[in-house]
Every structure is written in C-alpha cells, then in structure tokens.
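Input: a single structure, listed below in structure tokens.
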Amino acid sequence: GRNVDASTLRGHRDAILRALRPVYSEAAHGIQFDFDAPRSMRAEYAVLLQQISEEKPPGWPLSMTALGSWCGQGSWLHAAPVDFVVPMLFGPGHDRHETLVALERAPLAEAHCRHAVGLREHQRPPRYHPETLFVFGQGPWDKERATAALESLSSYSSSSGLTPPR
C-alpha cells in the first residue's frame, strides 16, 4: 500500500468516478468502498463518497469499511454520505479488541455501524452483531469454503436474524 495524501486523492477523484461507471451497468447490487482514511483525509474521502452517492444507480446501497474505533460515540461517520458502514472486526488494528469487547456488551454507538460487520473466516461473531455479516476469507473462495463458512455461522443465525446470501 502506497501512502496517499488528501491532494493525491483529490487529484484522482475523477479517475475513481470514471472507473466506477462501467460497474453501474453490470449485475452488481451496490458499492462498498474500502479506503484507509487518516484524520487528515476524511474531508476528501467524504467528498468522494458524496460524489459516488450522487452518481450511483438509484436503489444501490453505498457502504464503506471502517475501523471499529470510527464507530464510537461522536464518530465522524455520523455525517458520512453512505447507507451503512462495515466495521472490520479483524486485522492488526489497535482497536479491534476494544471493539469486540464493546460488542459483547451492546451495539456500536454510531448508527451507521449497526447494519453489518466484517469478520475473518472462522471468526465467531460478537454477541451484539448486526444482521449482516461480511466474511473475508484468507484466500480464494470456492463453493466448499463458502458452504463451510455459512455452516460455521449457522449457530449464531437463529438468535440474530442472520440469513445466508441468495
């Protein structure tokens, strides 16, 4: 990963928007944006997300991934121009443990973060997990791995309203 600053993001905004346009005619159902946004870039990131929101097809959800720490009380995400945020509950982030502990006690404070969470394959969902789980594998998915991942989550689905993707 190359470090990108706000001016670089600003300079590439049109190219990013152009690259997304062909996707709008494909059989996709929404857009999820995954971008590391240090504090110094959040304003530019919000502008980019607003422009994507304005250009995407009507009815397509726009979501973004986030660090768990971004989903706390007073989060900058409350004004994010997205339909929902997917806090990533895995990886080397310093806040992963704190977010998982918080989700054992109650839903996340930021409303945008209550729709979905991102888990690593074979990771147990926290007690207060949203209805939608994004499961990230550590390699290419095939039918057997996907089936095993869904089966490993099935014990959590009855109490949380989880349903397998269609």
Side-chain angles (χ1 to χ4, degrees), residues 1 3-6 8-10 12-13 16-17 19-21 23-24 26 28-121 123-137 149-150 153 156-157 159-166:
N3 288 336
V4 177
D5 62 16
T8 303
L9 177 59
R10 189 176 317 113
H12 288 18
R13 190 180 313 134
I16 294 168
L17 293 168
L20 283 171
R21 288 181 188 128
V23 174
Y24 300 151
E26 295 181 11
H29 302 286
I31 299 169
Q32 184 172 90
F33 217 77
D34 183 7
F35 183 81
D36 292 331
R39 192 175 311 276
S40 63
M41 294 181 63
R42 291 178 184 169
E44 279 302 318
Y45 189 32
V47 169
L48 173 63
L49 289 169
Q50 182 62 47
Q51 288 181 302
I52 293 170
S53 179
E54 291 168 2
E55 287 193 16
K56 70 179 179 62
W60 276 34
L62 173 60
S63 64
M64 63 180 274
T65 60
L67 297 174
S69 62
W70 295 357
C71 295
Q73 192 71 28
S75 171
W76 68 280
L77 295 175
H78 73 279
V82 295
D83 297 295
F84 63 95
V85 174
V86 181
M88 307 308 280
L89 302 182
F90 62 88
H94 67 281
D95 64 344
R96 181 183 63 85
H97 178 74
E98 289 81 6
T99 303
L100 287 168
V101 168
L103 280 168
E104 290 299 327
R105 292 190 303 261
L108 293 170
E110 173 53 48
H112 275 348
C113 297
R114 294 182 191 155
H115 176 78
V117 294
L119 302 171
R120 179 64 74 197
E121 183 179 8
Q123 181 180 1
R124 181 184 70 81
R127 181 173 178 209
Y128 286 96
H129 62 278
E131 188 171 317
T132 303
L133 300 176
F134 287 85
V135 180
F136 293 82
L150 285 173
L153 294 171
Y156 304 105
S157 64
S159 62
S160 66
L162 289 174
T163 54
R166 294 185 181 31

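Values below: every heavy atom of this structure, side chains too, minus hydrogens, waters and symmetry copies. Quick caveat, the model's predicted, so the values are computed rather than measured.
The backbone N or O of L20 sits nowhere less than 3.5 Å from a side-chain atom of E55 that would complete a donor-acceptor pair. A distance-only check finds no donor-acceptor pair linking the side chain of R127 to the backbone of R105 [under 3.5 Å]. Not one N or O on the side chain of R120 forms a donor-acceptor pair closer than 3.5 Å with the backbone of V135. Side-chain atoms of R124 never come within 3.5 Å of backbone atoms of L153 as a donor-acceptor pair (strictly under, hydrogens ignored).
Taking 4.5 Å as the limit, some side-chain heavy atom of L77 sits within range of a side-chain heavy atom of M64. Counting only heavy atoms from C-beta outward, the side chains of S63 and Q32 approach each other to under 4.5 Å. Contact of the V47 side chain with the R13 side chain is registered, since non-hydrogen atoms from C-beta on lie closer than 4.5 Å.
Distance check: L48 CG to M41 CE gives 9.5 Å after rounding to the nearest 0.5 Å. Note: E121 CD to F136 CZ = 12.0 Å, rounded to the nearest 0.5 Å. Atom NE2 in H78 sits 12.5 Å away from atom SG in C113 (nearest 0.5 Å).
A pairwise comparison of heavy atoms in G118 and V86 identifies N-CG1, 3.4 Å as the closest pair. In this structure, F33 and I16 approach most closely via the heavy-atom pair CZ-CG2, 4.0 Å. The shortest heavy-atom contact between P87 and V85 is CD-O, 3.2 Å. A pairwise comparison of heavy atoms in H29 and P61 identifies O-CD, 3.0 Å as the closest pair. Taking each heavy atom of R114 and L108 in turn, the nearest pair found is NE-O, 2.7 Å.
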Original post:
Run the side chain to side chain contact (heavy atoms under 4.5 Å, CB included) check on H112 and F84 step by step: do they pass?
Top reply: CA-CA 5 Å; H112 275 348; F84 63 95; 5.7 Å; no

Original post:
Could you go step by step and tell me if Q123 and L100 meet the side chain to side chain contact (heavy atoms under 4.5 Å, CB included) rule?
Top reply: CA-CA 11 Å; Q123 181 180 1; L100 287 168; 4.0 Å; yes

**OP:** Check the pair T99, V117 against side chain to side chain contact (heavy atoms under 4.5 Å, CB included), reporting the backbone distance first and the verdict last.
**Re:** CA-CA 11 Å; T99 303; V117 294; over 6 Å; no

Original post:
Run the side chain to side chain contact (heavy atoms under 4.5 Å, CB included) check on Y24 and I31 step by step: do they pass?
Top reply: CA-CA 9 Å; Y24 300 151; I31 299 169; 3.3 Å; yes

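The number of heavy-atom neighbours closer than 6.0 Å to CD of E104, taken from other residues, nucleotides and ligands shown, is above 12. Within a 6.0 Å radius of CZ in R21, more than 12 heavy atoms belonging to other residues, nucleotides or ligands are found.
Between W70 and W76, the ring planes are perpendicular. Angles over 60° get that label, and only those under 30° would be called parallel.
With P81 as the partner, the side chain to side chain contact (heavy atoms under 4.5 Å, CB included) test is satisfied by one option alone out of L62, I52, L49: L49.
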